[in-house]
Amino acid sequence: MSTSTATSGPLRRVPVQGRSVARVQRMLDACAELVDQVGYEGLTTTLLAERAGVAIGSVYQFFPDKRAIVQALALRNMENYLQRLSERFSQGDLANWWEGVDAGIDEYITMHRTVPGFRTLHFGDVVDVHLLDEQRDNNGVIAGQLAQVLVEQFGIPDTPRLRFVLEIAVEAADALIKLAFRRNAEGDEQVLAEAKALIREYLHRQMEGQPTAG
């Protein structure tokens with residue numbers, strides 16, 4: 001997967017040299033740590049500069065404000081998620097696209113547990129439901145990306161019905177996974193199991209009779 005989005009979209013200036021690229025990634029890493037510790041409201045560019053070990057001028061050299069930094073982090077999280085999906089699907093042990101969606105939920109849960117900042121930020125909803133794309137909700141963007149990956153990996157028809165059903169599934173799964181992590185810091189296993197069962201049943205019922213190659 002390309003990482004161009006997370007290094008161009010919200011940036012004031014695109015880093016070209018290796019040192020500049022590394023500095024920007026260090027800022028994003030610092031942002032991830034800080035949003036877990038102080039939340040988006042408590043995040044400041046001064047705190048971020050201190051945590052990243054850079055001058056405040058370096059922050060503003062690349063980002064106009066803290067929203068842009070968080071947007072870049074959310075985009076990096078999305079690309080991380082898509083990369084994880086690609087790697088999971090490439091193992092070739094998924095019988096059909098239903099299992100692909102199940103694997104997608106598993107990767108989303110894993111990121112909540114292992115990726116700094118993700119449990120707090122997710123894909124940017126804490127800041128703006130349109131943080132990834134001005135025209136679509138963040139979950140709508142994720143559903144569209146998931147549809148694209150499923151179509152490529154399993155050869156299923158890319159239909160408006162598929163994209164609509166996936167958007168509903170992503171919205172429902174996101175809400176239940178957030179509930180699981182509110183109930184337990186590592187994710188309430190009972191809630192997570194129910195979430196996966198609910199989504200699986202919904203997809204089977206909604207897509208019954210639809211063309212499902214793969």
Problem - Option among Leu28, Leu121, Leu132 that satisfies the side chain to side chain contact (heavy atoms under 4.5 Å, CB included) test with Asn77 - result: Leu121
Exercise for the section: Would you please say whether a donor-acceptor pair under 3.5 Å links the side chains of Asp174 and Tyr108? Expected result: yes
Practice task
Kindly say whether Thr110 contributes a backbone atom to a donor-acceptor pair with the side chain of Thr114 at under 3.5 angstrom?
Solution key: yes
Problem - Distance in Å, Glu152 CD paired with Ser86 OG, rounded so as to fall on 0.5 Å steps - result: 8.5 Å
Practice task
Work out which heavy atom in Lys66 is nearest to a heavy atom in Thr45; give both atom names and the distance.
Solution key: N-CG2, 4.1 Å
Practice task
Step through it carefully: locate the ring centre of Phe118, locate the ring centre of Phe181, and say whether they are under 6.0 Å apart.
Solution key: no
Problem - Distance (rounded to the nearest 0.5 Å) between Asn80 CG and Leu73 CG - result: 10.0 Å
Handout entry: Asp36 side-chain N/O to Gly117 backbone N/O, donor-acceptor pair under 3.5 Å
Key = yes
Problem - Check against salt bridge (Lys or Arg N to Asp or Glu O under 4.0 Å), Glu167 and Arg161 - result: CA-CA 10 Å; Glu167 188 163 352; Arg161 179 63 182 171; over 6 Å; no
Handout entry: Beyond-backbone contact of Asp93 with Arg88, side-chain heavy atoms, under 4.5 angstrom
Key = yes
Completion exercise
In this structure, OH of Tyr40 is separated from CD1 of Ile69 (nearest 0.5 Å) by 9.0 Å
Problem - Check against side-chain contact (heavy atoms from CB on, under 4.5 Å), Leu85 and Gln145 - result: CA-CA 10 Å; Leu85 280 187; Gln145 294 287 340; over 6 Å; no
Problem - Phe89 and Phe154 aromatic centres sub-6.0 Å - result: yes
Practice task
Please say whether more than 12 non-hydrogen atoms of neighbouring residues, nucleotides or ligands are located less than 6.0 Å from CD in Gln91.
Solution key: yes
Exercise for the section: Begin with the C-alpha distance, continue with both residues' side-chain angles, and end with the deciding distance and a verdict on salt bridge (Lys or Arg N to Asp or Glu O under 4.0 Å) for Asp106 and Lys196. Expected result: CA-CA 9 Å; Asp106 282 337; Lys196 293 177 69 175; 2.7 Å; yes
Problem - Main-chain N/O of Glu87 paired with Ser90 side-chain donor or acceptor, under 3.5 Å - result: yes
Fill in the blank from the handout: For Val191 and Leu176 the tightest heavy-atom approach is CG1-O, 3.5 Å
Practice task
Grab the two heavy atoms, one from Gln148 and one from Arg163, that are nearest each other, plus how far apart they are.
Solution key: N-NH2, 4.4 Å
Practice task
Could you check Val129 against Arg136 for side-chain contact (heavy atoms from CB on, under 4.5 Å), going step by step and ending with a plain yes or no?
Solution key: CA-CA 8 Å; Val129 294; Arg136 294 183 293 169; over 6 Å; no
Exercise for the section: Establish, from distance only, whether the side-chain atoms of Gln25 and Arg76 form a donor-acceptor pair under 3.5 Å. Expected result: yes
Problem - Exam field: side chain Asp137 to backbone Asn139, donor-acceptor pair closer than 3.5 Å - result: no
Handout entry: Heavy-atom closest contact (Leu162 atom, Pro157 atom, distance)
Key = CD2-O, 3.6 Å
Problem - Separation of Leu131 CG from Arg67 CZ (nearest 0.5 Å) - result: 5.0 Å
Exercise for the section: State the OG1-CG distance between Thr44 and Leu34, to the nearest 0.5 angstrom. Expected result: 8.0 Å
Fill in the blank from the handout: CD1 (Ile177) and CZ (Arg182) are apart, to the nearest 0.5 Å, by 12.0 Å
Exercise for the section: Find out whether Ile156 and Asn96 are in side-chain contact, i.e. whether some heavy atom of one side chain is under 4.5 Å from a heavy atom of the other. Expected result: no
Problem - Main-chain N/O of Ala95 paired with Glu99 side-chain donor or acceptor, under 3.5 Å - result: yes
Problem - Same apolar cluster (I L V M F W Y, side chains within < 4.5 Å links), Val141/Phe164 - result: yes
Handout entry: Backbone of Glu186 reached by a side-chain donor or acceptor of Arg113 within 3.5 Å
Key = yes
Completion exercise
Hits for side chain to side chain donor-acceptor pair (under 3.5 Å) against Arg200, two or more places apart or cross-chain, chain-then-number order -> Asp102
Practice task
Might you point out which heavy atoms bring Ala169 and Tyr202 nearest each other, and give the distance in Å?
Solution key: N-CE2, 4.2 Å
Handout entry: Residue pair Leu146, Val170: steps toward the side-chain contact (heavy atoms from CB on, under 4.5 Å) verdict
Key = CA-CA 9 Å; Leu146 178 59; Val170 166; 4.2 Å; yes
Exercise for the section: Check Ala52 against Met27 and note the closest heavy-atom contact, atom names and distance. Expected result: CB-CA, 4.0 Å
Problem - Heavy atoms from other residues, nucleotides or ligands near CD of Gln37 exceed 12 (cutoff 6.0 Å) - result: yes
Handout entry: Side-chain ion pair, Arg26 and Asp29, N-O less than 4.0 Å
Key = no
Problem - Any donor-acceptor N/O pair, Tyr81 side chain to Gly104 backbone, under 3.5 Å - result: yes
Exercise for the section: Determine, step by step, whether Arg51 and Glu33 satisfy the side-chain contact (heavy atoms from CB on, under 4.5 Å) criterion, reporting the C-alpha distance in whole Å, the side-chain angles of both residues, the deciding distance to 0.1 Å, and the verdict. Expected result: CA-CA 9 Å; Arg51 180 64 60 91; Glu33 295 173 3; 3.1 Å; yes
Practice task
Test His112 against every option in Glu107, His122, Arg119 by the side-chain hydrogen bond (donor to acceptor under 3.5 Å, both in side chains) rule and name the one that passes.
Solution key: His122
Problem - Side-chain touch Arg23/Phe62, heavy atoms, less than 4.5 angstrom - result: yes
Practice task
Check the hydrophobic clustering (I, L, V, M, F, W, Y; side-chain heavy atoms under 4.5 Å; chains of links allowed) and say if Leu198 and Val101 are grouped together.
Solution key: yes
